[in-house]
Amino acid sequence: MPPVSEYSGLLLDIGGVVHNTGVRMVERLARREPAMQPVIEEIGGIASDRDELWQRMLRRQVTERDYWAQRAAELGAAVGETWDTRALMDRFYQLPEHEWLCAPTIELMTDAKAAGLRVGALTNDMTAFHGSEWVARQEHLKLFDVIVDASLTGVMKPDPRAFRGGAQALGLPAGQIVFLDDMPWNVDGARQAGMTAIRVPWEDPAPAIDTARDLLLRLGPR
């Protein structure tokens with residue numbers, strides 16, 4: 001018989017883990033909307049070392065919501081429209097699904113469920129960024145046993161209560177959960193809450209997904 005993992009649940013951020021990061025989505029949208037390119041160049045590249053607003057966000061001086069609200073206004077103006085964050089996200093997700101859905105994560109979720117593991121989402125912004133109607137239409141979100149969304153609960157990561165809420169929703173102790181997120185402070189918060197946490201890098205998520213797969217589906221008790 002194959003070894004049995006010590007973990008019983010998978011808990012995932014949405015943006016940057018299940019959906020490709022907005023950093024990459026801006027690049028893909030700009031290929032279809034060339035008027036955006038001068039704005040991106042003036043910024044110095046979205047999420048680059050020269051993107052001062054992004055750097056301020058990484059220093060926790062502004063929120064991720066603040067970041068995308070400002071970039072949405074700037075990018076919308078470049079194409080002659082008035083955009084808030086939801087309008088920008090709508091444009092991202094009008095692109096073909098293969099450009100925004102992270103297929104390796106979906107495969108991991110599917111395999112985890114087939115192995116009898118609990119699968120949940122712990123997101124700060126999904127409904128705030130997309131709206132409840134969009135969320136309800138997404139077939140891939142039906143893979144989740146539970147979704148805990150700070151847009152609805154008001155408790156955002158990395159608040160310890162958010163991780164407690166995620167564990168409670170899964171019905172598992174924190175020590176039996178593997179958590180994936182793209183923001184370093186959320187990974188730190190999950191570790192402090194007792195979860196095994198893996199950061200998903202913006203530039204290449206595949207190794208993090210592979211590590212989670214190893215922990216959940218290939219490794220025996222340590």
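These numbers were taken from a predicted model, which means no experiment stands behind them.
With hydrogens and angles ignored, the 3.5 Å screen pairs a side-chain donor or acceptor of Arg118 with a backbone N or O of Ala169. At distances below 3.5 Å, not a single donor-acceptor pair connects side-chain atoms of Arg161 with backbone N or O atoms of Val155. Lys157 contributes no side-chain N or O that, together with a main-chain N or O of Phe163, makes up a donor-acceptor pair within less than 3.5 Å. At distances below 3.5 Å, at least one donor-acceptor pair connects side-chain atoms of Gln138 with backbone N or O atoms of Trp134. Side chain of Asp214 to backbone of Thr211: no donor-acceptor contact under 3.5 angstrom is found. Between the Thr123 side chain and the Asp149 main chain, no donor and acceptor come within less than 3.5 Å of each other. Under the 3.5 Å distance criterion, the side-chain polar atoms of Arg191 are matched with a main-chain donor or acceptor of Ala197. Using a distance-only test at 3.5 Å, with no hydrogens or angles considered, no donor-acceptor pair links the side chain of Arg164 to the main chain of Ala174. Here the side chain of Asp125 pairs no donor or acceptor atom with the backbone of Ala128 at under 3.5 angstrom. Asn20 contributes a side-chain N or O that, together with a main-chain N or O of Glu99, makes up a donor-acceptor pair within less than 3.5 Å.
Two residues are said to be in side-chain contact when any heavy atoms from C-beta on lie closer than 4.5 Å; Leu88 and Leu75 meet this criterion.
For the pair Arg199 and Trp202, the cation-pi test (distance below 6.0 Å, angle within 45°) is passed.
Taking hydrophobic clusters as Ile, Leu, Val, Met, Phe, Trp and Tyr residues chained together by side-chain heavy-atom distances below 4.5 Å, Ile46 shares a cluster with Trp54. Tracing side-chain contacts under 4.5 Å through hydrophobic residues (I, L, V, M, F, W, Y), one never reaches Leu12 starting from Val148; they form parts of separate clusters. Cluster annotation: Met156 is not connected to Leu58 through the hydrophobic network of ILVMFWY side chains, with a link wherever side-chain heavy atoms come within less than 4.5 Å. Residues Leu217 and Met109 share a single hydrophobic cluster, defined by chaining ILVMFWY side chains whose heavy atoms lie under 4.5 Å apart.
Residue Leu143 holds its CG atom at 11.5 Å from OG1 of Thr105, rounded to the nearest 0.5 Å. In this structure, CG on Asp159 lies 9.5 Å from CG on Asn124, to the nearest 0.5 angstrom. Rounded to the nearest 0.5 Å, atoms CE (Met36) and CD (Glu41) are 13.5 Å apart. To the nearest 0.5 Å, the span separating CH2 on Trp185 from CZ on Arg60 amounts to 5.5 Å. Taken from CD1 in Ile106 to CD in Glu139, the straight-line distance is 11.5 Å, to the nearest 0.5 Å.
Side-chain atoms of Ser48 and Asp51 include no donor-acceptor pair closer than 3.5 Å.
In summary, the aromatic rings of His19 and Tyr93 are positioned with their centroids under 6.0 Å apart. Checked against the 6.0 Å centroid threshold, Trp100 and His140 count as a close aromatic pair.
Minimum interatomic distance between Leu108 and Ala212 (heavy atoms only, all atoms of both residues): CD2-CB, 3.9 Å.
Electrostatic pairing of Arg91 and Glu33 counts as a salt bridge here, judged by a charged N lying under 4.0 Å from a carboxylate O.
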